[in-house]
K.L.:
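Just passing along the structure, written as structure tokens.
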Amino acid sequence: MKLHEYISKQIFAEYGVPIPQGKVAATPKEAGKIAKKLGGRVVVKAQVLVGGRGKAGGVKLAKGAKEAEAAAKAILGMQIKGLPVKKVLVDPAIDIASEIYLGITNDRGARQPVIIASAAGGVDIEEVARTAPEKIIRVHINPLLGAQDYNIRDLSIGIELDRNHWAAFHKITRGLWEAYRANDATLAEINPLVITGDGALLALDGKMVIDDNALSRHADLAELRDLSAEEPAELEARKNGLTYIKLDGEIGCMVNGAGLAMATMDIIKLFGGEPANFLDIGGGASAEKVAAALRIILSDKNVKAVLFNIFGGITRGDEVARGILEALKDVKPKAPMIIRLVGTNAEEGRALLAEANMITAETLAAAAQKAVQAAKGIK
Ligand code: GDP
Ligand code: MN
């Protein structure tokens, strides 16, 4: 789950990271008021869950309340990479001497968190990573020990940070680490971490991603979820208690059980096809749940065939069949549908589906082969 800049920065501040003392606004008027209170120059920033706002025109400097109001008006009417801007952050403008990148994420390959820093921070950090990778310093953190003083010294030396800033950089990096660890984040990033004209360090931008699997431990954060940046099909799936992950292939899959879903995807690949999704309807799924799942699968334009692999145990074949028939009342799939249905009430299920014009198969291998052929247009 991604967190907005203003929330990320508030969390960082709780762990001792200095941030500009701004506020969020939902209307231009409000933005003007905040600017007036702050006094002097301000920066008005779109709060959207995508990177590169600055380059897209979502970050504007303003000389006073009037300009801030106008900037907010422009930004609140924008779409950035397809996402509407609903809030802006109004921060006091900062005099920037240089921009540092500082981020923490999990390095899956190394099975450890890694702190990444660069003296060439700011909006072009991706470009730096591509053209001058030696300017990006990585220090792995032992997850049992946490960030140690020597880890942070290695970073300071690596980015050739002036000695005068070591103490401040140390405090910020430690704070960012604590925020990352305590909130079960998979990303905590400050870009830019600026050195101001008078030599102070300040986090101007902030970004945090929280591990979805840990949200049960962070009820307060879970409440802040902004659904606008999420895949509509995945949202719909979550609402219906389905586990759905969209993939790039052309064979839609509906399966009961995560392990069975993995096996189904493997066997589709074995016979030369590509799964369009991972979908686990879970045990004992109701007809409504099955219907929702089928609608979600068919909302993917890439789907050329749908494979149902249902191994009835707690899940009942007749219930699954009723769900399919229910969904077929309002969705008229052009894609051929192949079903392998075995186990509890499979007979009853098959009888119900007799007039649904589905291709049936006895074994998973046969079903997968038929699905691959159907997706390729072979009868
Ligand atoms: P991003 O484009 O989404 O990463 O948005 P940022 O918050 O990182 O802002 C992009 C860039 O705008 C920064 O790298 C700065 O160069 C510039 N910027 C942001 N805030 C200020 C500010 O208060 N003063 C000045 N001079 N520049 C700023
Ligand atoms: Mn940034």
Side-chain angles (χ1 to χ4, degrees), residues 2-13 17-25 31 34-65 67-68 70-72 74-76 78-105 115-130 135-136 159 172 176 179-180 185 187-209 226 228-229:
K2 293 178 185 173
L3 296 180
H4 280 293
E5 174 194 6
Y6 73 97
I7 299 168
S8 305
K9 287 200 297 199
Q10 273 164 17
I11 294 174
F12 296 166
V17 175
I19 61 167
Q21 296 302 309
K23 279 205 164 76
V24 277
I34 296 166
K36 195 165 177 193
K37 239 190 182 156
L38 291 172
R41 296 191 331 135
V42 297
V43 53
V44 182
K45 309 174 78 178
Q47 299 299 290
V48 276
L49 297 174
V50 287
R53 292 166 308 170
K55 287 192 170 171
V59 177
K60 291 190 198 302
L61 283 162
K63 284 203 197 80
E67 270 190 42
I75 294 173
L76 284 166
M78 280 170 69
Q79 290 229 348
I80 299 182
K81 297 185 184 164
L83 295 180
V85 183
K86 299 204 182 93
K87 281 181 185 159
V88 291
L89 173 64
V90 184
D91 265 352
I94 304 299
D95 169 28
I96 300 174
S98 66
E99 301 189 320
I100 295 168
Y101 174 93
L102 182 64
I104 308 178
T105 188
I115 306 186
I116 303 166
S118 175
V123 295
D124 289 321
I125 191 69
E126 279 90 7
E127 187 64 18
V128 173
R130 221 175 6 255
K135 287 190 182 156
I136 312 256
I159 63 169
I172 290 169
L176 191 66
Y180 176 85
L187 177 75
E189 183 186 87
I190 303 172
N191 184 34
L193 169 64
V194 301
I195 302 177
T196 66
D198 39 20
L201 265 65
L202 198 61
L204 276 211
D205 189 10
K207 192 170 174 182
M208 246 184 141
V209 180
D226 177 352
S228 67

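We count ligands from 1, going down the list as the structure has it; atoms in each ligand are counted the same way.
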K.L.:
Can you tell me which residue and heavy atom of the protein come closest to atom 11 (C) of ligand 1, and the distance to 0.1 Å?
P.N.:
Val123 CG1, 3.8 Å
K.L.:
Of the side chain and backbone of Asn191, name the one, both, or neither that has a heavy atom under 4.0 Å from an atom of ligand 1.
P.N.:
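For Asn191, only backbone atoms sit under 4.0 Å from ligand 1.
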K.L.:
Please list the nearest protein heavy atom to atom 21 (C) of ligand 1 with its residue and the distance rounded to 0.1 Å.
P.N.:
Leu204 CD1, 3.6 Å
K.L.:
Would you mind naming the N, O or S atom of Asp205 nearest to the Mn ion (ligand 2)?
P.N.:
OD2
K.L.:
Quick one: which of Glu5, Lys86, Lys87 gives a side chain to side chain donor-acceptor pair (under 3.5 Å) with Gln47?
P.N.:
Glu5
K.L.:
Provide the number and element of each atom of ligand 1 under 4.0 Å from a heavy atom of Arg53.
P.N.:
1 (P), 2 (O), 3 (O), 5 (O), 6 (P), 7 (O)
K.L.:
Which atoms of ligand 1 are found less than 4.0 Å from any heavy atom of Ala93?
P.N.:
23 (O)
K.L.:
Using a strict cut-off of 4.0 Å, indicate which atoms of ligand 1 neighbour a heavy atom of Glu99.
P.N.:
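Per the distance check, 13 (C), 14 (O), 15 (C), 16 (O).
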K.L.:
For the residue pair Leu202 and Leu193, establish whether any side-chain heavy-atom pair is separated by less than 4.5 Å.
P.N.:
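In short, these two side chains do not touch, never coming nearer than 4.5 Å.
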K.L.:
Does any non-hydrogen side-chain atom of Ile100 lie less than 4.5 Å from one of Ile159?
P.N.:
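Yes, close enough: below the 4.5 Å cut-off.
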K.L.:
Could you tell me if the side chain of Ile190 sits less than 4.5 Å from the side chain of Ile172, heavy atoms only?
P.N.:
yes
K.L.:
So Phe12 and Met208, do their side chains get closer than 4.5 Å, heavy atoms only?
P.N.:
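Sidechains of Phe12 and Met208: in contact.
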K.L.:
For atom 9 (O) of ligand 1, find the nearest protein heavy atom and state the residue, atom name and distance (0.1 Å precision).
P.N.:
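Residue, atom and distance for the closest contact: Val59 CG2, 4.0 Å.
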K.L.:
Taking only heavy atoms of Val43, which atoms of ligand 1 are found under 4.0 Å from at least one of them?
P.N.:
20 (N), 23 (O)
K.L.:
Quick one: look at Ile94 and ligand 1, take heavy-atom pairs under 4.0 Å, and tell me if it's side chain, backbone, both or neither.
P.N.:
both
K.L.:
What protein heavy atom lies closest to atom 27 (N) of ligand 1? Include the residue and the distance to one decimal.
P.N.:
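Its nearest protein heavy-atom neighbour is Ile96 CD1, 3.3 Å.
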K.L.:
Under a 4.5 Å cut-off applied to non-hydrogen side-chain atoms, are Lys9 and Leu89 in contact?
P.N.:
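Sidechains of Leu89 and Lys9: in contact.
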K.L.:
Identify whether the distance between the nearest side-chain nitrogen and carboxylate oxygen of Glu126 and Arg130 falls below 4.0 Å.
P.N.:
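No salt bridge links Glu126 with Arg130.
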K.L.:
Would Gly54 count as being in polar contact with ligand 1, using the rule that some N or O on each side must be under 3.5 angstrom apart?
P.N.:
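Among all N and O atoms of Gly54, at least one is under 3.5 Å from an N or O of ligand 1.
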K.L.:
Which residue and atom name correspond to the protein heavy atom nearest atom 4 (O) of ligand 1, and how close is it?
P.N.:
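Here the closest protein heavy atom is Asp205 OD2, 3.2 Å.
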K.L.:
So which heavy atom on Leu38 is nearest to which on Asp91, and how close?
P.N.:
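Of all heavy-atom pairs spanning Leu38 and Asp91, the closest is CD1-C, 4.0 Å.
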K.L.:
Any nitrogen or oxygen of Arg41, main chain or side chain, under 3.5 Å from a nitrogen or oxygen of ligand 1?
P.N.:
no
K.L.:
Can you tell me how far the OG atom of Ser118 sits from the NZ atom of Lys135, to the nearest 0.5 Å?
P.N.:
7.5 Å
K.L.:
I'd like to know if Gly51 contacts ligand 1, where contact means a heavy-atom distance under 4.0 Å to any ligand atom.
P.N.:
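No; Gly51 lies far enough from ligand 1 that no heavy-atom distance drops under 4.0 Å.
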K.L.:
Measuring from Ile94:CD1 to Leu61:CG, what's the distance to the nearest 0.5 Å?
P.N.:
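Ile94 CD1 to Leu61 CG: 10.5 Å, rounded to 0.5 Å.
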K.L.:
Relative to the heavy atoms of Lys45, which atoms of ligand 1 are at a distance of less than 4.0 Å?
P.N.:
7 (O)
